[in-house]
Amino acid sequence: MKKTISLMATVSLLLTGCQTLSPNTQPNGANQTEAEEVVDNELTDSPVDHVPLVIKAQKAPQTAEVIPDIPEEPLPPADIWERIRAGYQLKLDHDQPRLYSQIKWYSSHPAYLDRVSNRGQRYLHYIVSELEKNNMPLEIAFLPIVESGFDPFGYSHGRASGPWQFIPSTGQIYGLDQTWWFDGRRDIVLSTQAAISYLKRLHGMFDGNWLHALASYNSGEGTVMRAIRRNKQAGKPTDFWSLDLPAETRAYVPKLLALATIFQEPQKYNYQPVFVANEPYFEEVNIGGQMDLAQAAQMADISVDEIYLLNPAFNQWATSPDGPHRLLIPIDKAEAFRTKLAQISPEERLTWVRYTVEAGDNLLLIAKKHNTTVAVLQDVNKISSSFIRVGQELMIPVAGNKMESYTLSSHQRLLAKQSNAPSSNRLKVNYTVESGDSLWSIAKRYNTDTKTLARWNSMGLGDPLMPGKKLVVWLKPEKGAAAPTSRTVLKRVVYTIRSGDSLAGVAQRFKVSVADIRDWNPDLAKKKYIQPGDKVTMMVNVTGG
């Protein structure tokens, strides 16, 4: 009997031990029942990844099973400004008059803040995302407002271009090509990446001081370094606010901080920011080659202006034959655009004309006539030199629409700028640049300054002046003179002084004043007497109005 009891106890202990073995102790899951496999699969799909199987299998404990709460991830903000505020890293509460002055200006111009916000809505999400990827202060998202007012076509007298205002040389350093077809300084993707790379380099150069880096972005690292060195030698502080920097740079950093301050607490400054959705605006689409921008707009079901605003780097009526072969398309139009693009051949993305070379033609003249370049003609027609012969046929890509419809192309923007009178009482004069002309000499001739003349013609002060270039000058009427009318047409006349002539006599003959002649001819004004053979330039009203 004792043996029987002992045997039963041993079997009982063995059975109890088998129940406590985890299925995971069995090699490769051998001998698992179908029910156990289902339990394993449920655990794999569950958000609770580490609950031991034995706990789920055991029914003995009377306490309820406790599954830890997984906090839900907060939804991203709907408004981009809230996202930007959450990424602030700079100190904004500087007790500085320069900062207060900029805050006062921006807060008293809410219409301007609205305008630049509306311009920036296409680009802000991309810029903010790129700044976040690089762990940079999101206050830098305001920098294109300071630089260009979020105008992708912004061009300064210092020859800086694009939303981030790169000058030609710095743009080239950061891979922003500048050709007749394409200016990478205006490309939204490329210029943003270049600006971030440049700012990161400056940030490292100034030992992590963002204000010094931002100041250097405006005036150059050499300027800031010299200012720091001077302060060190004089025993003065070297923070941004203590540095002797150019006036533009002294205001530049406070402008960015002022914008960040106002958008941090807009209600404090009685401002309601324009809502900008915190979601991607555009998507990159690979187009594989050159494409007419009007055709692209039609296929994307958007306006030609929208195509240019998203792809402002393209100067002409088409994308560059040398690339980049991609377009930014509104995100809700991108898929349909891809579908239509796949249905046409590369040849159908441009309009072509067949041109027969005539006597007197050369590749440059033909290219200008068809608004393209010699390089394109050579590439398309497999011409290795500039030699062409009479009767030769050339295939030429041309704009599919009238040139006037490409309203934001480089040429059409210039025409619009030159047609925009600075005031209602100005008289428009068309001037053709001649050999030996400079902005200074032309400005002097028309009693204006080089910056104003450059602004009238969307030029930088250092832009080359090629003979034949068309400029516009807006003349002020003389005191007491009748206001110019639509019938007033001025023509540039060069008169050669003859024997017996006087300035007063010439002025009377051409119905201008002696003072005007002297203004138009600064070199002549230095002479005490005029001599036969002297050349006098005058602007003569050929309508007699």
Of all residues at least two apart in sequence or in a different chain, which pass the side chain to side chain donor-acceptor pair (under 3.5 Å) check with [X]?
{"X": "Asp187", "result": "Arg326"}
{"X": "Gln378", "result": "none"}
{"X": "Thr192", "result": "Trp164"}

Under the rule for ring pair (Phe, Tyr, Trp, His ring centres under 6.0 Å), what residues qualify as partners of [X], not counting sequence neighbours?
{"X": "His203", "value": "Trp210"}
{"X": "Phe153", "value": "none"}
{"X": "Phe240", "value": "none"}
{"X": "Phe275", "value": "none"}

Inset, instruction - Can you sort out the partners of Arg250 under salt bridge (charged side-chain N to carboxylate O under 4.0 Å, His left out), two or more places apart, ordered by chain and number? - result: none
Legend entry - All salt bridge (charged side-chain N to carboxylate O under 4.0 Å, His left out) counterparts of Asp305, not counting sequence neighbours: none
Legend entry - salt bridge (Lys or Arg N to Asp or Glu O under 4.0 Å): pairs with one or both residues in residues 136-156, sequence neighbours excluded: none
Legend entry - Which residues share a side-chain contact (heavy atoms from CB on, under 4.5 Å) with Tyr100, sequence neighbours left out: Asp95
Inset, instruction - Can you tell me which residue pairs pass the side chain to side chain donor-acceptor pair (under 3.5 Å) test with a partner in residues 452-472, sequence neighbours excluded? - result: Tyr155-Asp463, Arg159-Asp463, Gln418-Asn457, Thr432-Lys470, Asp449-Thr452
